[in-house]
Amino acid sequence: MKKVFLAVMAVAAIALTGCKDKNEPTPQPQPIPAKDMVVYGDIYTAEVDNDGNYVRAKALVVKDGKFVYVGTEDSAKTYITDGMEVIDCTEKGLIIPGITDGHAHYLLKYINQQMKENALQFEEDQNYELVLEKVRDFVNTAKNNGRHLDYVYGEGYNPIMLRDSMGKDLRHRKDLDAITTEIPIFLTGYDHHSTLVNTRAMINAGIVDEKDNVLRDKIAGGFISLDDQGKMTGVFSERAMSLLQGPGLKNKMHPTSAQVIQGIDSMQKSLLALGITNIIEGWANNYGADDESVFQTLKSMDSRNELYMNVSLTYEIEPWFNNNEPDCYVDNAALVQKRYQSKHVHPDYLKLFMDGCVEMGTGFLLTPYNQNTKDSIFSGHGTALWSQEAMDNLVMKANEKGLTVHTHAMGDGAVRRTIEAYKKGNRERRNAIVHLRNVDPADYQAIKDYNIAVASNMNWHCLTQEEEKHLKDILPYPYYEKAYPIQSFFKHGILVSQCTDTPADNGIRDPFYCMMVAITGAYEPSSYISDKDEIIDRYQFLQAATYNGAWQLHLEKERGSIKEGKYADFVILDQNVLTCDAQDLRNTQVIKTFFEGKEVYSR
């Protein structure tokens, strides 16, 4: 949530053509073979001994895709046979298990990149005028080129940067109306929790008529911003976005089959280069409730032995879905799970939103926000998207059908309500809470007792000056300081994993950049450190990124640590991240990544 990317898309027919002879067979990629090998070096195994110490080793042996020995160099040498590869990393670096990202939207990022012909991107610190300028130029260029636009869709700006010096939201539909009153415009924040639209979009959605008379202005769990005259600004937050006909918009933007395939291939190559071998994708049905293209493509790749990582998939109930009938989506998710389950594809998760974002006033807090004006979004306790009863029923039904619930909860009120629902579910499912910006101290023990998995954005455990000022304006003490706890989870014996929420951070935050932030509490040496008590050590971060992540995804019996009998998923780094300078962690490079004994990346 620290950097910004904006994608502006227009509806256009995309034709894929080729120059090959139709009768010429397309060469098929050959599966990567597993290697039998001995590897020497400094090894962090992610195993813990009976005394609570992290186990280190000096050598490992791989045969038939699994670790058959982990220990000393001398003992490993006895396993060497003719044709076995020997890799010597004793001079420098570190060997660690394959890394897990406990919550991200990589598929969204990489598939959308394939539609980049209609995309614009912004970097951080872009203000409102620049956002408008880019949209204006896009619309004018299309008009000058005779290109018809059914609508303009954009995403990725940072809503905090679109406020004036007093913290007032500058977004207003009149500014988009000045660009065009004929083409509907939708501009969604990078967090997908609020959208700015022009009047034409509101008319097409049946929110206002041609004379701007209000036809619909209320929805449970949503917020529609009003200006000083009591008129809609065009900013719709949380479930209010459903009034903008989200499914129709998403379905029109559906990528081609080729773009899905290219996106997944690009994603896999990028993640393996970072040492990431396990992910949970937080938005697999991104292009509509009935969209299964991502599930289909991944299972097909796996059947051809072209998938070299574990991909856990969530079926997400979006704010624009018909949440009056949530049971049908649980049934759909269960059908998708049965239809697309394979060795490396695990569609075992139902994704829910309990609230929005604390920074944007839609996180659900136990204590009210500071600004309690009638028409301010920073009013009361924020937004709870599910009642306790509805959440309880969803969790129980999902768990009964063999699904694990994966819930976005930012505010401590949202975390509390999610915990209460999980108490009624099946603790063996390891239902997860993601993000957890604020946690009431009384709730840590319940998280542990009910076997709740926690995916923490350790790369967010610090603030910019702009964010610090904004948060002090809207939040009571200590909410603006006690944010994104990490150490508290370890202290309470909770198996917390690390996650990035890519692309909410404008691209990939590689694991060792995240490690730097988690152990220092800052982006740079001069950055503001919000809560020193929550900083963790290097071993804790590596544990969160390896074993704990595998545990979250029910993979710890086969992966997540370097142990005899487990799959040989491991990464060779160019420096020892347990001893190098903290600020140098961000420069760590992956030399090789292995998945089930296959060398799937080499620098």
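- Taking the charged nitrogens against the carboxylate oxygens, Arg417 and Glu420 have no contact shorter than 4.0 Å, which rules out a salt bridge.
- For His461 (side chain) and Ala483 (main-chain N/O), a donor-acceptor pair under 3.5 Å exists by modelled atom type.
- Among Ile419, Ile452, Val395, Leu350, the single residue meeting the side-chain contact (heavy atoms from CB on, under 4.5 Å) criterion with Asn431 is Val395.
- Between His346 and His344, the gap from one ring centroid to the other reaches at least 6.0 Å.
- Here the side chains of Ser225 and Met232 are not in contact, with every heavy-atom distance at 4.5 Å or above.
- Ring geometry, Tyr151 versus Phe186: the interplanar angle exceeds 60°, so the pair is classed perpendicular (tilted spans 30 to 60°).
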task = List the steps and the verdict of salt bridge (Lys or Arg N to Asp or Glu O under 4.0 Å) for Lys482 and Glu534.
result = CA-CA 9 Å; Lys482 296 288 184 180; Glu534 293 294 342; 5.6 Å; no
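- For the pair Lys448 and Tyr450, the cation does not sit on the ring face, since its NZ or CZ is not both under 6.0 Å from the ring centre and inside 45° of the axis.
- A salt bridge between Lys401 and Asp331 is present, with a side-chain N of the basic residue lying under 4.0 Å from a carboxylate O of the acidic one.
- Side chain to side chain, Asp348 and Gln337 meet the donor-acceptor criterion of an N or O pair below 3.5 Å.
- Between the Asn438 side chain and the Tyr484 main chain, no donor and acceptor come within less than 3.5 Å of each other.
- With sequence neighbours excluded, no residue forms a side-chain hydrogen bond (donor to acceptor under 3.5 Å, both in side chains) with Lys424.
- For His193, the side-chain hydrogen bond (donor to acceptor under 3.5 Å, both in side chains) criterion is met by Glu238, not counting sequence neighbours.
- Within the 4.5 Å cutoff, the side chain of Leu366 has heavy atoms near those of the Asp440 side chain.
- A centroid separation of less than 6.0 Å is found between the aromatic rings of Phe353 and His408.
- Side-chain N/O atoms of Asn278 and Asn310 include a donor and acceptor closer than 3.5 Å.
- Residues that satisfy the side-chain contact (heavy atoms from CB on, under 4.5 Å) test with Asp449, not counting sequence neighbours, are Gln445.
- Between His105 and Lys109, the closest side-chain pair of non-hydrogen atoms is not below 4.5 Å.
- Taking the six-membered ring for Trp, Tyr444 and Phe489 have ring centres closer than 6.0 Å.
- Partner of Thr500 under the side-chain hydrogen bond (donor to acceptor under 3.5 Å, both in side chains) criterion, out of Asp510, Asp101, Asn457, Asn459: Asp101 alone.
- A donor-acceptor pair shorter than 3.5 Å cannot be found between the side chains of Gln552 and Asn548.
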